[in-house]
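The block underneath contains the structure these notes are about, expressed in structure tokens.
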Amino acid sequence: MWRTGSLGWFTGLVILVAGIAPAQSATIEQRLVDAQCAYRTHVPTSAALARECRTDAERAGRPDLAALALAYEARAVAKLSGEAEALALMQRAVNELPADASAAVRGRLLLANAQSVYSLESYSRFYRNLLEVFRAAKESDDPWLEGWGMTLLDVAQGADDASDERRRQIAELFERADDPAGALQVVLSEIRAAIKRGDIERAETECKNALQAADPLGDRMTSVFMHGMRGSIASARGNRDSAHDHVSAGVTIARQLENREVLAVAVSHAAYLLMAANGLDVAAKAMDEAIDCLDGLGIPSRERDTRLRALEIANARSDADAILEHGRALSRLGKAETSANEAREWHRVYGEVEALREQRSQEYRALVTQRDAEKERVRDLILFASIGFTIVLSGFALFAYTAKRRSDIVNKRMLAESETARRAVESERVMEKKLRHIERLDSLGLFAGGFAHDFNNLILGMSGNAELLRERLSDPVQRACVDDILSATTRASELCRQIQAYAGDVQQLHTCVDVRDLVAGLAPMLRAGVGPSIEFVVELGDRPCLAVVDRVQIQQVLVNMVSNARDAIDGSGSIRVRVAPTTLERQNTEHGRWFGDLEATGAFVRLEVEDDGEGIEPDSFERLFDPFFSTRKPGRGLGLAAAWGILRSHGALVRVESELGEGSRFTVFLPASASCDESTFSASTATLDQDRPRGTILIADDEPGLRSLAVRVLTDRGFDTLEARDGEAALELFESRRQEVSCVLLDLAMPGMGGAATYSRIRAIDSRVPVVVMSGHLDSESLDQFGSEVKFLAKPFLLADLERAVATSLESGTN
């Protein structure tokens, strides 16, 4: 059931460090091995054995083995109880591991943690643990630990793409460790690669061999995956009976394993085949079981994939209630895509580190081999010279000189390689620091997006009521006071838009523009803004610089960059703005700091702002685009942070070059468009026709103040109104009085039944009623839930905007 002899040295080392009786230590260690093996055979047994080992290790005064047992228990709990309890146990295991624990124990504990947090999609912890696993494997010279670490890394980076050379290396490690269970993982990778190449015969043969090898080991986890692959192959060939038999066998083995995630995968696979065979009711029931298995495990991407399959089956069954339920769940799991993007970023950056480490390691091994060969030749030459010393003294001197010269050359190359290795380690440190910076920026962006919704509602309540009050006042002094209130709310609204821009959650209107025209049109205002003491120069080339962008937002980016350059100049100086087309083949990170996707290549439009101000402190680069960060006045504003949010949403890159006392250069690379017809989009100017017959407007919003404001505005314009505090109340009013309702004014974010679900139910009742959707947090993910005919109203809005949106909807008749 487990490899033989691969932990012999580990047993002796643990016994020596602990200083306990050999028989007692060996017993605890062997039971830990059994707990580890049981994870692939029966997960509850693995958890129970780990708990017993932890108790015995604590009694024996072995805190290192107790911490390792706790990590094995956490790995099993992750598949039984879910994320919260598993993460707590893993953190305890790390905290309780003694500082003087052996590299072997530390490496196994971190490997168990890496396996657990990867399944729970905690990618930052996963890679940190995996880096420490490789260090521990190197320190202890443990082929088993290195083999499982490389296997887990290939799974994270896409095991299907693992090279034949990488699989050969892993196979050699497991052969040295005498681990048949590990060797099966190499076979799994080869099967996936064969399927990807289209070599189905090879894949099926390997599946049969792997199943025969897994049965004596009791490796149920591998058996489940093998039956699933054979079922997929049979289904692709049209052999439904064989496919059903293999998938059913996989489900049976998964139930015996009692791993909730593996069972969910097996059941959902079976459900998909049942759907293909028109067993839709049975398929739907199987998908419900798969969803129940994943409930509480904390694996959003797996749950999202399962929900998508369930939604497909519900559509085939025309089950409206199930469609609505799965749609709500998928909306809740929408952030799983963000996690997937984060995972890809972690995989990419760590892949660069691993590739660099492997390249340096191969070069180092080649140099060592060459050095050993040179030393061997030197020894041969010295022996030959000693034998014929009296005869060929001159020849010996010549050979000795040649050997010494070659030895000097090898030593110089070894010194150069040592320096290269040192730089590689430093590069790895820089990449890890950059990953932590990405995490911090993403968390700030998430907070900013949520904050914008509530802040916009408050602004709308103040500005709307102030506008209504101004219409009713005739006293100039009173109107001036109200104007001051409206001015303050306008500035607050602008601050909120900057926060949304930093979060990348603003609604955009993309058109094809020549960036030169955009800069030229804005140049007079910028020149006036920097002041007479600063020279302002604009350099526009004679080649078109076409890009598909939001014109207003890119203008805001340029204004913020020029304002930042002006603030960096003390007294007099110069600011230069340049626009030119360019091509990026790769980013030279030795020149300046880069922000954005460093893998992006192709045609770009370069927008550059250069000043000869005081420059940027090296320690300030990491916080350059943080909200309210400034090297001059703390809390100064959101200029660069908002600009970075806008540029991220456009897929742009930013390079910052600066030296203290020599100024700074901010260069923005916007994805270029080879050719396009520039389109102009203008907001509707429709207004409410005074002679038009009025109707009833249904207003649904969970904010009482905003409902009251909309009622007062629309009542003044001659409409009757109906109020609803949430989606359920709005739907009930619409069903009972739908003949009276002329238009629906619908808030997007409401408790219970949200705006998107309410809209779907209203459209099912009446597909032609005009609907206006309003929200303080309109992002692209929210807009994708509606059709192109829906009118959107971003909070905060002016009363004229509300009037225009209602008028436009009533004119179109059906949105």
Side-chain angles (χ1 to χ4, degrees), residues 451-474 478-497 500 507 683-684 686-688 690 694-730 733-734 737 740-752 754-755 758-759 770-778 782 790-810:
F451 168 78
H453 176 267
D454 293 335
F455 193 34
N456 276 327
N457 281 339
L458 294 175
I459 295 172
L460 179 56
M462 292 185 288
S463 64
N465 284 289
E467 282 193 75
L468 285 177
L469 179 61
R470 192 181 188 282
E471 293 176 358
R472 289 165 171 76
L473 293 176
S474 58
Q478 293 177 338
R479 289 172 66 90
C481 292
V482 175
D483 286 341
D484 288 342
I485 295 174
L486 288 172
S487 177
T489 58
T490 300
R491 291 196 299 272
S493 176
E494 177 61 27
L495 175 61
C496 189
R497 278 194 294 271
Q500 286 180 291
Q507 189 175 5
S684 173
T687 57
L688 292 171
Q690 299 299 324
R694 296 295 188 246
T696 300
I697 307 297
L698 173 57
I699 305 166
D701 197 309
D702 61 314
E703 290 287 341
L706 300 188
R707 290 202 309 272
S708 300
L709 172 62
V711 167
R712 286 196 291 272
V713 173
L714 295 173
T715 302
D716 284 351
R717 273 59 175 179
F719 287 95
D720 293 329
T721 58
L722 297 173
E723 296 184 58
R725 67 180 180 275
D726 53 31
E728 288 85 353
L733 280 172
F734 186 77
R737 304 178 65 174
E740 305 174 32
V741 176
S742 302
C743 180
V744 178
L745 191 59
L746 184 63
D747 185 34
L748 182 61
M750 295 185 293
T758 306
Y759 169 78
V771 177
V772 177
V773 175
M774 55 184 180
S775 176
H777 185 48
L778 279 176
S782 302
V790 175
K791 301 296 181 296
F792 294 97
L793 194 57
K795 299 177 183 178
F797 49 78
L798 299 176
L799 300 188
D801 296 332
L802 175 60
E803 179 182 351
R804 189 178 301 113
V806 173
T808 303
S809 296
L810 292 175

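Checked against salt bridge (charged side-chain N to carboxylate O under 4.0 Å, His left out), Arg737 has the following partners two or more places apart in sequence or in another chain: Glu740.
Atoms CG and OH, from Leu746 and Tyr759 in turn, are 10.0 Å apart once rounded to the nearest 0.5 Å. Here the OG-CD distance, from Ser708 to Glu703, works out to 10.5 Å after rounding to the nearest 0.5 Å. Note that the OG atom of Ser742 and the CG atom of Leu714 stand 11.0 Å from one another [nearest 0.5 Å]. Expressed to the nearest 0.5 Å, how far CE of Met750 lies from OG1 of Thr758 amounts to 4.0 Å. Note that CG of Asp716 is 10.5 Å distant from CD of Glu803, once rounded to the nearest 0.5 Å. Rounding to the nearest 0.5 angstrom, the gap separating the CZ atom in Arg725 from the CG atom in Asp702 is 11.0 Å.
With Met774 as the fixed residue, the side chain to side chain contact (heavy atoms under 4.5 Å, CB included) test singles out one of Asp701, Leu706, Leu802: Asp701.
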Given Ile697 and Leu722, is the side chain to side chain contact (heavy atoms under 4.5 Å, CB included) satisfied, shown in steps?
-> CA-CA 6 Å; Ile697 307 297; Leu722 297 173; over 6 Å; no
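Nearest heavy atom pair, residue Asp726 against residue Pro751, reads CB-O, 4.0 Å. The minimum heavy-atom distance between Ser809 and Val772, with the atom names listed, is OG-CG2, 3.2 Å.
Proximity of Leu810 to Phe719: side-chain heavy atoms (C-beta onward) are separated by under 4.5 Å at one or more points.
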